[in-house]
Protein chains: 2
Amino acid sequence: MAVPEQRTPIHSPTVSDVARRACVSRATVSRVLNRYPHVRSEVRARVERAMAALAYRPDAVARSLARRETRTLGLVVTDITNPFYAETAAAIVKTARTHGYTVILCDTDNIPELQAEYIEVLRQRRVDGIILGSVFLHDPAVERLIDSGMPCMLYNRRLRSGRGNYVVLDNLRAGRELTRHLLGLGHRCIGFIGTLAGLSSAAERRRGYRAALREAGVRPQPQFVHMRGVTPELAREAAREILALPDRPTAIVASSDRVALSVIEIAEEMGLSVPGDLAVVGVDNIPMAAHQAIQLTTVDQHLAEMGRLAVEGILDVIRDPERYRRSPLQQVLAPTLIVRRTCGALDPGAALRGRRLRLPAVHKGGSRG
Amino acid sequence: MAVPEQRTPIHSPTVSDVARRACVSRATVSRVLNRYPHVRSEVRARVERAMAALAYRPDAVARSLARRETRTLGLVVTDITNPFYAETAAAIVKTARTHGYTVILCDTDNIPELQAEYIEVLRQRRVDGIILGSVFLHDPAVERLIDSGMPCMLYNRRLRSGRGNYVVLDNLRAGRELTRHLLGLGHRCIGFIGTLAGLSSAAERRRGYRAALREAGVRPQPQFVHMRGVTPELAREAAREILALPDRPTAIVASSDRVALSVIEIAEEMGLSVPGDLAVVGVDNIPMAAHQAIQLTTVDQHLAEMGRLAVEGILDVIRDPERYRRSPLQQVLAPTLIVRRTCGALDPGAALRGRRLRLPAVHKGGSRG
DNA sequence: CTGAAAGCGCTTACAG
DNA sequence: CTGAAAGCGCTTACAG
C-alpha cells in the first residue's frame, strides 16, 4: 500500500522538548534563550546544541503573554498609497526593526470611523504602542486613547488640545516661507488650496500663508482660499473654481505636493502654463516632485527623519510612561525650502514683473536620487 | 498634601474578573465572547453587562496562544515607497481587515538578506500566513518556507521551480502587447530596459518583448536590452547608455512605470522629446502614470485585485493547507493595455513614418479618478 | 446549558 | 548556578 502521508506536522518543539533533550529544566532553557548571564557555559552549550538539533524556534506569542509585552507597534495611517505615508511608514518599519519591534499596518483609507476600530483592534492585540499619522484637531477617540495611558505618538498632525507626544513639521513656518518666496518673486495675488481646516497641518500652513501676506501688506482674499477635503478630485475642483475667477491669482500655495500636482493638472487643462501663467508650490517633497517633468517647488519635511523620531520617541515612552505623562515628547521639525521650476524662480523669463530674485538661503533641490 | 496620583493603572480586567462579577465560570464568559450558541439568554445578558461595566477588552495574545492561531498575516515587500507595493499593500490590509486579520508589514528596503530575517521573525510570531511581494527566480529561503508547510502566497513574482501559491500578471503577454503596440506604430528599433533578469516579472516581460519582435520579423539587438537592478539610478544609467548609441532605438519598453519615468527623465535631459523622438511605455499603471504632465502608456495589472486575491487565496490555504499542498493556487491576471501620450499613438504628428494606427482593442486610459 | 480542570508555551520570583 | 512551581489570559474537551 501507499506510504501514509505525513500530515499535521508533528508539533513544533517547545522549551519542554529542548529541556528534556538537554537534561535541564525549562527555566534554564529560558535563561539561555534570553542570554541570562549566570548559566554554566557547559550547560549553555548543551542547551544550544539541543535547540539547534530540534530546530527550535521560540514562540513569540507565548513570550508576549508571559512578559506582558509584544514588541509590536501599531501604525495607523489614512492612506498608504499616499507617498507621504509610504515614506514615513518605510522609516518607521526600518527603525522598529533595528530595535526588535514589528509593525502592524492599519490603513483607514480615509474613512474616519475606521480609526477608532483599528485602535480597538490594536489594543486587543496588546501592542506596546500606537503611532498615528493623522488626527483631527478635534478628535475624541485619540483623546480617549491618550487618557487610557496606552503609549502613543502622533506625527504629521496634532490635536487642538495640544496633548500627546508628537513629531510634526513647523507647518506655520512652512506656509509662511512658501508664501514669502512667492511674494519675493513679485506675486501679489496668491491663492491657497488646502485639504481640511480640521487638520492641524493644513490649518497651520494656511495661518502661515496669511501671516506672510499680512507682513507684506497684502490683503488676503477669502475667495482665493479653499479647503475642501483630502481627495485629489476635491483639490481639482477647488483649483478649477479659483482659476476660473475673473481676477484669478498668479500663484497658488498648495498644502501638499499631491494637491499641487492636481492644481498643475487643472492649470494645464485650462491652458495656463506653469510657471509662466501660474506659479505653484507644495509641501512634502515626495519623490514625484523632483521628477523632470514636474520640478515642483516645495518644502521638505524630512519624512525619513520624522518616521525615525516617531519610533524612537514612542520607544522612550514605552520604557518610561510616567515620565512623559505630564510632559509629553513634542518635537517640531524645521522645514527646508526646495526651489525648483514651478515657482518660476529658476526661469527669469517667467518671473513676473521682472523683479530681482531674492531667494532666502535654501537648499536648492534637484533629484532626490 | 497632594492627592496621590494613580500610577500603574490597575491591571485591565480579564475573563476571571468578568466571571466573578457575572457569577459564572470563565468558560461561560469565553462562550459568550465567542458567540457560542448554547448559552441561556439570561446568563448571556448578565455576562455582557459585566463586560460592559468593566470595559472588558479580550486579550488577543492569550487567545492566540490558546487557539494556536493569531489571525495575523505577514506581508514582505522590497520597498513600500514603490507605488506598486503601496497600492497592493493597501488592498491587502483592507481585505485582511474585512476578514478579521491584521497585517505585519515587513520592508526589506531592497536588501535581499532581510527577507530571510523577516521570514524568521514572522514564523516566531506565529503568523497564520506569509505574503511575499517579491521572490527571486532562484530563492532557497522561499523554497524552504514552502517546504515548512507555513501557508504562504507569492504575488508579482514567482519561482523558477514553479512551486507555491501565487497571483501574478501574465507578464509575457504584457511585454508582448506593449511591443506589438509599438511595432504597430511603425517602430522597428525598440529597446528594453528591465530591472533584474533574476526576477520572473522582468524576465517574462523581456521574453514577451522578444517574442513580439520575432513574430514581426524584427531582429532583436542585444545592445538595446539592459537589466541592471531595481534602483532608479541603475535605470537611468541604462537609459543613458542606450540612448547614446549611434543607432539608438526609437522606442523603449520599460519593465515598470518607475523605470519608464527614469527613461523619460534621461531622454529629456538628453534633449530628446517624448514621444516625438522616443516612445516610452511601462508596466504597472501607478497613479503618477496618469498625471497630465506624464501620460504614460502602460499596462494595468489591477493592483487592487491582485492584493485582494492574494489575501483571499492565502485565507483559503490557511483553512485547508492539505488541499493546496499538491495543487497550489496559481492565478494569472490578464494585462490591460492603457494607451496614453508617451507611445505617440494619440498624437498622429508624432507617429513615426506616418504609419496608419492600428490599435488593438484596449481600454483607453485617462485619469484613474 | 454550565463548570472544573487541563493546557497553550513561555517567564519569573523563590528556594536551595 | 539551577529547578519546582506558579502565573500570563485565554480556550476546550469532558462531565454532569
Side-chain angles (χ1 to χ4, degrees), chain A residues 8-48 50-51 54-72 100 121 123-128, chain B residues 8-48 50-51 54-72 100 121 123-128:
Chain A
T8 51
I10 334 291
H11 89 120
S12 46
T14 70
V15 274
S16 300
D17 300 315
V18 175
R20 196 173 312 117
R21 191 172 223 273
C23 303
V24 296
S25 71
R26 300 182 315 169
T28 296
V29 174
S30 178
R31 288 185 189 105
V32 172
L33 216 47
N34 296 293
R35 318 194 176 297
Y36 193 79
H38 311 295
V39 180
R40 241 190 328 146
S41 65
E42 196 250 323
V43 173
R44 174 187 306 282
R46 219 165 62 221
V47 171
E48 278 166 350
M51 295 198 301
L54 296 170
Y56 172 68
R57 177 176 288 128
D59 184 326
V61 174
R63 172 180 294 176
S64 291
L65 181 61
R67 289 220 190 125
R68 262 163 261 105
E69 80 171 12
T70 53
R71 296 200 172 245
T72 297
V121 168
R123 300 195 65 175
Q124 294 191 184
R125 301 226 168 209
R126 300 302 192 253
V127 296
D128 295 342
Chain B
T8 51
I10 334 291
H11 90 120
S12 45
T14 69
V15 275
S16 300
D17 299 315
V18 175
R20 198 173 312 118
R21 191 171 223 273
C23 304
V24 296
S25 70
R26 302 182 315 172
T28 295
V29 174
S30 178
R31 287 185 190 106
V32 171
L33 216 46
N34 296 293
R35 319 194 177 299
Y36 193 79
H38 311 296
V39 180
R40 244 194 322 151
S41 66
E42 195 251 324
V43 172
R44 173 187 306 282
R46 218 163 63 219
V47 171
E48 278 166 350
M51 296 198 302
L54 296 170
Y56 171 69
R57 176 176 289 127
D59 184 325
V61 174
R63 170 179 296 176
S64 291
L65 182 60
R67 287 220 191 125
R68 263 164 261 105
E69 81 171 11
T70 53
R71 296 201 170 244
T72 297
V121 168
R123 299 194 66 172
Q124 293 191 183
R125 301 224 168 212
R126 300 302 192 255
V127 296
D128 295 342

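So you know, we letter chains A, B, ... as the sequences are listed, proteins then strands, and number each from 1. Fair warning: this is a prediction, and the values are worked out from it, not measured in the lab.
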Should the pair A:R126-B:D59 be classified as a salt bridge under the 4.0 Å nitrogen-to-oxygen rule?
-> yes
Interatomic distance where CZ belongs to B:R20 and C1' belongs to D:dG9 [whole Å] = 13 Å
Assigned partner base of C:dA13, Watson-Crick or wobble definition, under 3.5 Å | none
Would a distance-only check, ignoring hydrogens and angles, find a side-chain to backbone donor-acceptor pair under 3.5 Å from A:T72 to A:T70?
-> yes
For B:S25 and for A:A27, find the nucleotide of DNA chain C with the closest heavy atom, then tell me which residue's nucleotide is more 5'.
-> B:S25
Please report, rounded to the nearest Å, how far the P atom of D:dG7 is from the CZ atom of B:R26.
-> 12 Å
Spacing of OH belonging to A:Y56 relative to CG belonging to A:L33, to within rounding of 0.5 Å | 5.0 Å
For A:V43, which contact category applies under a 4.0 Å heavy-atom criterion: base, sugar-phosphate, or nothing?
-> sugar-phosphate
Contact under 4.0 Å: B:R40 side-chain N or O vs C:dT2 OP1/OP2 = yes
Interatomic distance, B:D59 CG vs D:dG7 C1' [rounded to whole Å] | 14 Å
Check: B:R31 side chain, C:dG3 base, donor-acceptor under 3.5 Å = yes
With the side chain defined as heavy atoms from C-beta on, A:T14 is closest, among C:dC10, D:dG9, D:dC10, to C:dC10
Please determine if a side-chain N or O atom of B:R63 lies less than 4.0 Å away from the OP1 or OP2 oxygen of D:dT11.
-> yes
Paired with C:dA4 by Watson-Crick or G-U wobble geometry, both distances under 3.5 Å: which nucleotide is it?
-> none
Does OP1 or OP2 of D:dG3 have a side-chain N or O of A:T28 closer than 4.0 Å?
-> yes
Look at B:R67 and D:dT11 and indicate whether a side-chain polar atom (N or O) is within less than 4.0 Å of OP1 or OP2.
-> yes
With the side chain defined as heavy atoms from C-beta on, B:L65 is closest, among C:dC8, C:dT2, D:dC10, to C:dC8
Taking OP1 and OP2 of D:dA13, is either one under 4.0 Å from a side-chain nitrogen or oxygen of B:Y36?
-> no
Between D:dG9 (C1') and B:R68 (CZ): distance, integer Å = 15 Å
Compare the minimum distances between each of C:dC1, D:dT2, C:dT2 and the side chain of A:V39, then state the nucleotide with the smallest one.
-> D:dT2
Of A:A66 and B:A62, whose closest DNA chain C nucleotide lies nearer the 5' terminus?
-> B:A62
To the nearest 0.5 Å, tell me how far A:R57 CZ sits from A:M51 CE.
-> 13.0 Å
Salt-bridge criterion met for B:E69 and B:R71 (N-O under 4.0 Å) = yes
Roughly how far, to the nearest 0.5 Å, is the OG atom of B:S64 from the CZ atom of B:R125?
-> 12.0 Å
What integer distance in Å separates B:R35:CZ from D:dT11:P?
-> 12 Å
Sugar-phosphate, base or nothing in reach of B:V29, heavy atoms under 4.0 Å | nothing
Give the rounded distance in Å between these two atoms: CZ of A:R57 and P of C:dC10.
-> 12 Å
